[in-house]
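Heads up: the structure comes next, in structure tokens.
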There are 2 protein chains.
Amino acid sequence: MSLQHAILGLLTHKPMTGYELKSIFDNSVNYFWTAQLSQIYRDLGTLESKGYVTSQIKPQQGRPDKKIYSITPKGDGAFQKWLNNFPKKLSIAIRDEICLRTFFGSRIQLEELEFQLRKFIKEKQEVVNALRMMDEHTDHCKDNTSSEKIFFQRLTIKKGLLVFGAEIQWAEECLKELDELKG
Amino acid sequence: MSLQHAILGLLTHKPMTGYELKSIFDNSVNYFWTAQLSQIYRDLGTLESKGYVTSQIKPQQGRPDKKIYSITPKGDGAFQKWLNNFPKKLSIAIRDEICLRTFFGSRIQLEELEFQLRKFIKEKQEVVNALRMMDEHTDHCKDNTSSEKIFFQRLTIKKGLLVFGAEIQWAEECLKELDELKG
DNA sequence: AATTAATATATAACATGTTATATATAAAAT
DNA sequence: ATTTTATATATAACATGTTATATATTAATT
């Protein structure tokens, strides 16, 4: 259900098309939430049928008409209700593929596992680099009008930096331990 | 696809029923992989139709007959192939609900967000406590016959301790920052 | 005495996530 | 000159995850 709440939340910032929402998922919140375009359109449809959003068509030349979605008071109420109700159990499906691969490490060649851990580090390092840039960038915006939103955004960036940093640290420690195993 | 690989991997340890697999998911690998019983039965069916596992019925009195699944050489080959092929992009859907809630922090009462962060810490702390016990317990088993498997299991436990520890640290830092905001 | 938990398998219905495809144009890159 | 990227919406098919339900017995709890 939370993707629908994420969409509602983003629409409280400003009315948007599905395409614009997708670019926000890809460029702004991708380190803690991802979504496929097909999912976004489907959920926008669901939200509209529930009366949580309304759409307005803006004709365009050369391209398909824009369909701009706005959150309704009803949708805002539903979002607010979700925000204020913490679930009994957080975080649904836990699926950590690098952990699964490591768990079955006795079935792989050590060199292959090391190779995979190094790839993992590389992938996480790229995310950390992007988050560092975001962090520096938002640091300049401390005192402008959207400072409150930025404050909370920076908290989530900090989480990414800490958690992905811990993942990298773990993988590096694994490589050390595997090295000792060989030597 | 990875749940099927997780099941295959667990069946390389020993033949098991769906019910036994579920208890492993719940009690042993729950910090990095979870699965519903209905999913396990469905995937066992899929794996059987692919020829990756075979089942053998063991009659029981008083309870439904046991259906014990064993991995086949073909299934073992598929598992091995998966293990040796690192995906282009790791980790599918990223969905971090506490991050999503924090991101929209400007829409909640500070006290409510603090309450939710404290619940988050509590939830994660319980997992960390369980992992610490597992870590201590597996420490004794260092020199027995299954030492290789235990070695890799301990690497995954270490990941849990590091990552969940970082999440707790983050939430505590958030609480501090929110406190400063008020004071 | 009655309810709940544990043992055991399995399906149905639904919700959510992924991949592929269709349409259409302009601008940028190779 | 041709391909890719960006703009834009949308559906189909499939894969995966969640919740509820059905069946059946024993042991433990209230």
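Protein chains get the first letters and strands the later ones, always in sequence-line order, with residue 1 at the start of each.
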Can you tell which of [options] lies closest to the side chain of [X]?
{"X": "Tyr19(A)", "options": "dT9(D), dT18(D), dA8(C)", "answer": "dT9(D)"}
{"X": "Leu3(A)", "options": "dG17(D), dG17(C), dA8(D)", "answer": "dG17(C)"}
{"X": "Lys67(A)", "options": "dT19(D), dA10(D), dT9(C)", "answer": "dA10(D)"}

Check whether any side-chain nitrogen or oxygen of [X] sits under 4.0 Å from OP1 or OP2 of [N], and answer yes or no.
{"X": "Gln36(A)", "N": "dG17(C)", "result": "no"}
{"X": "Gln4(B)", "N": "dA15(D)", "result": "no"}
{"X": "Arg95(A)", "N": "dG17(D)", "result": "yes"}

Pick base, sugar-phosphate or nothing for [X], based on heavy-atom distances below 4.0 Å to the nucleic acid.
{"X": "Gln60(A)", "value": "sugar-phosphate"}
{"X": "Asp65(A)", "value": "sugar-phosphate"}
{"X": "Glu20(B)", "value": "nothing"}

field: Heavy atoms of other groups near Lys88(A) NZ, more than 12 under 6.0 Å
entry: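 Atom NZ in Lys88(A) is not packed in, count stays at 12 or less.
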
- prompt: Can you tell me if Thr102(A) uses its side chain to pair, donor with acceptor, with the backbone of Ile98(A) under 3.5 Å?
  reply: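 Judged by distance alone, yes, a pair lies under 3.5 Å.
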
field: N-O pairing of Lys158(B) and Asp135(B) below 4.0 Å
entry: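 Between Asp135(B) and Lys158(B) there is no salt bridge, as every charged N stays at least 4.0 Å from the carboxylate O atoms.
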
Rounded to whole Å, how long is the line connecting atom [atom1] of [X] with atom [atom2] of [N]?
{"X": "Ile40(A)", "N": "dA10(D)", "atom1": "CD1", "atom2": "P", "value": "13 Å"}
{"X": "Lys88(B)", "N": "dT19(C)", "atom1": "NZ", "atom2": "P", "value": "10 Å"}
{"X": "Gln39(A)", "N": "dG17(D)", "atom1": "CD", "atom2": "C1'", "value": "12 Å"}
{"X": "Arg42(A)", "N": "dA10(D)", "atom1": "CZ", "atom2": "P", "value": "15 Å"}
{"X": "Ile7(B)", "N": "dG17(D)", "atom1": "CD1", "atom2": "P", "value": "10 Å"}
{"X": "Lys66(A)", "N": "dA24(C)", "atom1": "NZ", "atom2": "P", "value": "20 Å"}
{"X": "Lys22(B)", "N": "dA10(C)", "atom1": "NZ", "atom2": "C1'", "value": "15 Å"}
{"X": "Ile94(B)", "N": "dT16(C)", "atom1": "CD1", "atom2": "P", "value": "19 Å"}

query: At their closest point, which heavy atom of Phe104(A) faces which heavy atom of Phe79(B), and how far apart are they?
result: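 Closest approach of Phe104(A) to Phe79(B), heavy atoms only: CG-CZ, 3.6 Å.
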
message: With hydrogens left out and only the distance checked, is there a donor-acceptor pair under 3.5 Å joining Ser38(A)'s side chain and the base of dT19(C)?
response: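 Counting by modelled atom types and ignoring angles, a donor-acceptor contact under 3.5 Å is found here.
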
field: Distance-only donor-acceptor test (3.5 Å): side chain Thr17(A), base dT9(D)
entry: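 A donor-acceptor contact between them is absent.
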
query: Phe115(A): which other cluster members, linking ILVMFWY side chains closer than 4.5 Å, directly or transitively?
result: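 Via sub-4.5 Å side-chain contacts, Phe115(A) links to none.
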
